[in-house]
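What you see below is based on every heavy atom in this structure, not just the backbone, and it leaves out hydrogens, waters and symmetry mates. In what follows, residues are counted from 1 in the order of the sequence shown.
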Amino acid sequence: MFLAKINTANFARLPPNNLPDSSHKMTDHTTPSSPDNPIQLITADIILLDDNQVFADAFTFRFAQKKVIHFADPRAFLARCLNYAKDIHICIDHDFGTDIPINGLQVAETLHAQAFSKLYLVSGTYFSESELPSYLTFIEKINLEFFTVL
């Protein structure tokens with residue numbers, strides 16, 4: 001496990017015409033898997049679970065060459081997570097706001113229990129290595145340069 005910083009300040013200053021338009025954003029509209037609905041794997045490079053649309057736009061712009069699927073509400077992804085490969089990179093915000101009663105650590109724990117292996121806590125709140133389980137890598141949101149490893 002290692003720590004990194006993500007600097008989003010430069011992205012916040014980009015003029016709106018430099019951010020990707022809606023045609024570049026990937027959104028998952030699949031139906032959740034169930035016994036009556038067989039699993040259909042969806043291909044993607046990165047899943048981003050973050051309620052901050054400005055950060056999601058900057059992140060998607062940063063990885064324009066990759067297929068990024070963004071979920072503003074982690075519960076929507078959890079309902080569909082079986083539709084994705086277990087080794088997909090999943091970047092999880094920690095604080096989803098007052099309307100969503102779970103946090104990033106809880107989401108990561110649920111995904112780890114379902115055998116997802118590339119889990120990243122991407123947060124503006126700092127977490128030391130000792131505060132996180134071994135299966136979760138912390139990335140501070142103030143430095144997007146780290147994401148070259150994804």
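Evaluation of the side chain to side chain donor-acceptor pair (under 3.5 Å) rule for S130 yields S128 as partners, not counting sequence neighbours. Applying the side chain to side chain contact (heavy atoms under 4.5 Å, CB included) test to A85 and every residue at least two apart in sequence or in another chain returns D87. For D95, there are no salt bridge (Lys or Arg N to Asp or Glu O under 4.0 Å) partners at least two apart in sequence or on another chain. By the side chain to side chain contact (heavy atoms under 4.5 Å, CB included) test, A56 is found to be paired with L48, Q53, H70, residues two or more places apart in sequence or in another chain being considered.
With rounding to the nearest 0.5 Å, the separation of CD1 in I88 from CD1 in I47 is 4.0 Å. Distance check: D99 CG to D73 CG gives 9.0 Å after rounding to the nearest 0.5 Å. To the nearest 0.5 Å, atom CZ of residue F59 and atom NZ of residue K66 are 10.0 Å apart. Put simply, OG1 on T137 and CZ on F127 are 13.5 Å apart, with the number rounded to the nearest 0.5 Å.
Between F138 and E129 there is no side-chain heavy-atom pair separated by less than 4.5 Å. I90 has its side chain out of reach of K118: every pair of non-hydrogen atoms, C-beta onward, lies at least 4.5 Å apart. No side-chain heavy atom of V107 sits less than 4.5 Å from a side-chain heavy atom of L119.
Taking both residues in full, the closest heavy atoms of F96 and N103 are given as CE1-C, 4.0 Å, listed atom of the first, atom of the second, then distance. Contact record, N52 with V54: OD1-N, 2.9 Å, taken as the closest heavy-atom pair. Minimum interatomic distance between S123 and D93 (heavy atoms only, all atoms of both residues): CA-OD1, 4.3 Å. The two residues P74 and L49 have their closest heavy-atom pair at CB-CD1, 4.4 Å.
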Which side-chain N or O atoms in residues 108-116 pair as donor and acceptor under 3.5 Å with protein atoms at least two apart or in another chain?
from : atom 1 : to   : atom 2 : distance (Å)
T110 : OG1    : Q106 : O      : 3.0

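Every pair passing salt bridge (charged side-chain N to carboxylate O under 4.0 Å, His left out) that includes a residue from residues 45-55 is listed here, sequence neighbours excluded: D50-K141.
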Practice problem: Applying side chain to side chain contact (heavy atoms under 4.5 Å, CB included), run through I69 and Y84 and close with a yes or a no. | Solution: CA-CA 11 Å; I69 299 178; Y84 297 89; 3.8 Å; yes
